Protein chains: 2
Amino acid sequence: MSMRGEKNQAEVLAIMRMSRGPLSAYEILEKLRKAHPKIAPPTIYRALAALTECGRVHRLESLNAFMACKRGRHQHDSILSICDDCGTVEENVDSELLEELSSLIGKSGFKPKRHVIEVHGLCASCRS
Amino acid sequence: MSMRGEKNQAEVLAIMRMSRGPLSAYEILEKLRKAHPKIAPPTIYRALAALTECGRVHRLESLNAFMACKRGRHQHDSILSICDDCGTVEENVDSELLEELSSLIGKSGFKPKRHVIEVHGLCASCRS
DNA sequence: TTTTTTGTTATGTTATAACATAACATTTTT
DNA sequence: AAAAATGTTATGTTATAACATAACAAAAAA
């Protein structure tokens, strides 16, 4: 295993952790270019793929964006609630709910591998 | 209310119903261009927005694709299982599970509006 | 040196902004 | 009432923004 990729991943992760909300790949790119002007999209996407793979970053499918896992790392699929007003995302883990979902879907013989659960709405403070 | 948009929507929907799996907007565009060569992306996206709005079409956020609702129309958010092997998508409706999800997320004061639930895996026949 | 990782260029894919026009409805004028 | 003007909404059109990856070159590690 090499160290080079890990450096990119660490920098990408650091940028994401400084952000209060999700970032698009190109937003990350822009920020990273302040330090490394020549960096290109594939570098970001590779870093994001690795970070997503190991659970340190969540991809928000319904936003085409990414965020650092607030708990450091999630081994399992997480349940994300996305405030459509302020952009804040909360993470929840609930393996029981995932189980129920799997068993509902499993009735037809389907074998679940990855759960995408993203709930859009308004967070507590934006509701008022 | 006009009739004009409804014609595009009907054609888009007809194309989607002829497909066994989800289609990207550009795949629909390509098909529609056989009849209407000059049609442009916004026309497709507008039709898809209207059809999604009224529940006749589901958007698959994790695929950036669309499919006709197999039951004609869903009033509520549906639970989609996507076979990563053959591309088949199954629809499920389970308002109880949606309730549980809402209440889990609602603990923090979050007010859910739209649920994106997409489960990736293998369908019964691809599993064997 | 062979393999693997990373960098680089180019391009593919998805989606929408911005503006122009068309279609039809409504009101006003004649 | 018929014709003209105006408003309103849908659609067409161009261009471009935004997201993502293929393909290959270069460098590093094994």
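Just so it is clear, the model here is predicted, and its values are computed rather than measured. Protein chains get the first letters and strands the later ones, always in sequence-line order, with residue 1 at the start of each.
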With 3.5 Å as the limit, what N/O pairs link the protein to nucleotides 8-14 of chain C?
none

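- Straight-line distance from the CD atom of A/Glu61 to the P atom of C/dA15: 12 Å, rounded to whole Å.
- Classification of B/Arg114 and B/Glu61 as a salt-bridged pair holds, one side-chain N sitting under 4.0 Å from a carboxylate O.
- Rounded to whole Å, atom P of C/dC24 lies 12 Å from atom NZ of B/Lys7.
- B/Val119 and A/Leu80 are assigned to two separate hydrophobic clusters, defined by single-linkage of ILVMFWY side chains at heavy-atom distances under 4.5 Å.
- Side-chain atoms of A/Ser78 and A/His115 include no donor-acceptor pair closer than 3.5 Å.
- Residue pairs meeting the side chain to side chain donor-acceptor pair (under 3.5 Å) criterion with at least one member in residues 26-49 of chain A, sequence neighbours excluded: A/Glu11-A/His36.
- B/Ile117 pairs in a side-chain contact (heavy atoms from CB on, under 4.5 Å) with only one of the listed residues (A/Ile105, A/Val116, A/Leu101, A/Ile79), which is A/Leu101.
- Computed from coordinates, the A/Ile44 CD1 to C/dT6 C1' distance equals 13 Å when rounded to whole Å.
- Looking at B/Leu122 and A/Lys113, their side chains come closer than 4.5 Å, going by heavy atoms from C-beta outward.
- Atom CG in A/Leu48 sits about 9 Å away from atom P in D/dA20, given to the nearest Å.
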